[in-house]
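Throughout, a chain's letter reflects where its sequence line sits, starting with A, and its residues are numbered from 1. This structure is a prediction, so every number in the text was calculated from the model and none was measured.
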Protein chains: 2
Amino acid sequence: MGRGRVQLKRIENKINRQVTFSKRRSGLLKKAHEISVLCDAEVALMIFSTKGKLFEYATDSCMERILERYERYSYAERQLVATDLESQGSWTLEHAKLKVRLEVLQKNQRHFMGEDLDTLSLKELQNLEHQLETALKHIRSKKDKALQEQNNLLAKKIKQIEKEEEKEKEMEQAQRAQVEQENNDLNSSSVLSQPLHSLNISGMYQAAAGHEDNDETPLENQNNPVMPPWMVRHING
Amino acid sequence: MGRGRVQLKRIENKINRQVTFSKRRSGLLKKAHEISVLCDAEVALMIFSTKGKLFEYATDSCMERILERYERYSYAERQLVATDLESQGSWTLEHAKLKVRLEVLQKNQRHFMGEDLDTLSLKELQNLEHQLETALKHIRSKKDKALQEQNNLLAKKIKQIEKEEEKEKEMEQAQRAQVEQENNDLNSSSVLSQPLHSLNISGMYQAAAGHEDNDETPLENQNNPVMPPWMVRHING
DNA sequence: CCGTCTATATATAAGCG
DNA sequence: TCGCTTATATATAGACG
């Protein structure tokens, strides 16, 4: 993009290459961040320059977590590393044992992820299925608890906010009462029947606050007085 | 870019978010590749969708190598491990790396089994849940296929048995016919109207076969003519 | 989900300081 | 390396099949 077209091959001019690297690098990092935010995705990006300098981006600045997550997906490469080690000769018995355990775990991992199932018998499949069902129950229960906790926390916060508003309102009322009293003291004509300006202000404030919500809220959640469940989901982002 | 401007915030509309994710993802991967080629850089990119699916790019398709290179840069927690290792000499390094991996895998394993969930964030729990759901789908589909195969196999066997019975029957009939013929030859009284014993045998066999089933078979499976329902029961888990 | 189309928004090559 | 400008190449939002 730019004045001239660019072939997809190494830029031979060192200066140009460096400049392009610098520009494209920032563009790439920017876009990585954008997709992460816009689409609620988790992104990890590593760029090593020719000279070996590292530039990185990670959603929520937590590269480690993402890499661990990646490891759950990755196994093929790991297998290569394992055999790689093997070719270097088995150093010690313990080391070899470790490798065996690793392989077993990797295989299990794959099975837990629903991959590489061809080697399993019917019975094993059924056992695995049951295992996962049980695990899912635990996980869901845990998740529900976490959600409930957050929910309670938010409810408390909202109550507190409401209390403070209440307090403010009372104070304003008290002020008005005092002003009224003073007016009565000055002349005996009644002004009690006129609308109270401060009440209107308070009312407007609440209305405005109520409109900060997203317009696209799904119907099934609009009644929830505390937290839409689909929103709670993103609190920990 | 495009018809409308876009705020850098989560796209609330689920459809749009998905579409945008798809488009930007491919754009990002493309640009990662471009900078890698143009500027002779080494790039690793991982993108997890909201639903937990992984998309990745790595220069020369060698993610593992880049991750290892990354680890050399990353220090925080790893520094501790690294110095620990260095003091023990270089060959132990591989060994210790193996140990670290093992630990990670073990931890994952526990998570997959619904254990040790307290260390997980809400988001991670949700990712895990989705992961297991997907895995379960694969496993069930695999199991279904396995069952179907067995089913077909058994069906074939039964057909074969029936064929053999048929053959026997025919042979008996032929025999009887011959005996009759001989009887007729001896005296001219007819015995054609009497019931055929072989037919009864066949009927009894089928009835007995139908009763091998478990008595507690759920209703919905009692019609299955081939596969014992207690086995079929596990198809849908 | 994938591909196509179009109008627009962005990214960036080139050049200069 | 960095900023800035401009002309252009690309990316992509939105709509549709």
Side-chain angles (χ1 to χ4, degrees), chain A residues 1-59 73 113-115 214-218 230, chain B residues 1-59 73 126-127 130-131 133-138 141:
Chain A
M1 322 154 155
R3 305 239 168 156
R5 248 183 228 170
V6 167
Q7 304 278 329
L8 189 57
K9 57 175 253 189
R10 191 184 128 107
I11 298 171
E12 290 306 333
N13 182 293
K14 202 174 161 185
I15 303 297
N16 281 349
R17 190 170 64 231
Q18 172 53 34
V19 171
T20 293
F21 177 69
S22 178
K23 288 180 176 177
R24 280 178 175 260
R25 167 167 42 85
S26 66
L28 193 58
L29 291 169
K30 185 182 173 192
K31 277 186 176 295
H33 178 58
E34 285 178 353
I35 197 177
S36 172
V37 173
L38 290 173
C39 308
D40 196 30
E42 205 164 56
V43 180
L45 173 60
M46 283 159 250
I47 312 168
F48 288 95
S49 73
T50 312
K51 290 183 293 184
K53 191 168 179 185
L54 169 66
F55 303 84
E56 61 178 305
Y57 169 80
T59 302
Y73 267 87
M113 292 173 48
E115 299 165 356
N214 191 319
D215 286 335
E216 294 180 330
T217 306
W230 54 268
Chain B
M1 324 157 151
R3 305 238 166 158
R5 244 180 233 173
V6 167
Q7 304 275 331
L8 190 55
K9 57 174 253 188
R10 192 186 127 104
I11 298 170
E12 291 303 334
N13 181 291
K14 201 173 161 186
I15 304 295
N16 282 348
R17 176 150 36 92
Q18 170 56 34
V19 172
T20 292
F21 177 70
S22 178
K23 288 181 174 179
R24 280 180 175 258
R25 168 165 43 84
S26 66
L28 193 58
L29 292 169
K30 184 182 173 191
K31 276 185 177 294
H33 177 59
E34 285 178 354
I35 196 177
S36 172
V37 173
L38 291 172
C39 309
D40 196 30
E42 205 164 57
V43 180
L45 173 60
M46 283 159 248
I47 312 169
F48 287 95
S49 74
T50 311
K51 291 184 293 184
K53 192 167 179 186
L54 170 66
F55 303 85
E56 61 178 306
Y57 169 80
T59 302
Y73 267 86
Q126 285 163 341
N127 288 338
H130 188 267
Q131 174 86 73
E133 282 167 353
T134 307
L136 258 180
K137 268 184 212 157
H138 289 165
S141 141

Item to complete: Sugar-phosphate atoms are those with a prime plus P, OP1 and OP2; base atoms are the rest. Using that split, label each nucleotide of nucleotides 7-17 of chain C B, S or - for protein heavy atoms under 4.0 Å, 5' to 3'.
Response: SBBSBBBB---

Worksheet item: If you round to the nearest 0.5 Å, how far is CD of B:E42 from CD1 of A:I47?
Response: 12.0 Å

Response to the item:
Rounding to 0.5 Å, atoms CG (B:L136) and CD (B:Q131) come to a distance of 11.0 Å

Worksheet, complete the sentence: In this structure, NZ of B:K31 is separated from CG of A:L45 (nearest 0.5 Å) by 13.0 Å

Item to complete: Could you tell me whether a side-chain N or O of A:S36 sits under 3.5 Å from a main-chain N or O of A:V43, the two making a donor and an acceptor?
Response: no

Worksheet item: Say you draw a straight line from CD1 of B:I15 to CG of B:N13; how long is it, rounded to the nearest 0.5 Å?
Response: 6.5 Å

Item to complete: Could you tell me the separation between the CD1 atom of B:I15 and the C1' atom of D:dA15, rounded to a whole number of Å?
Response: 14 Å

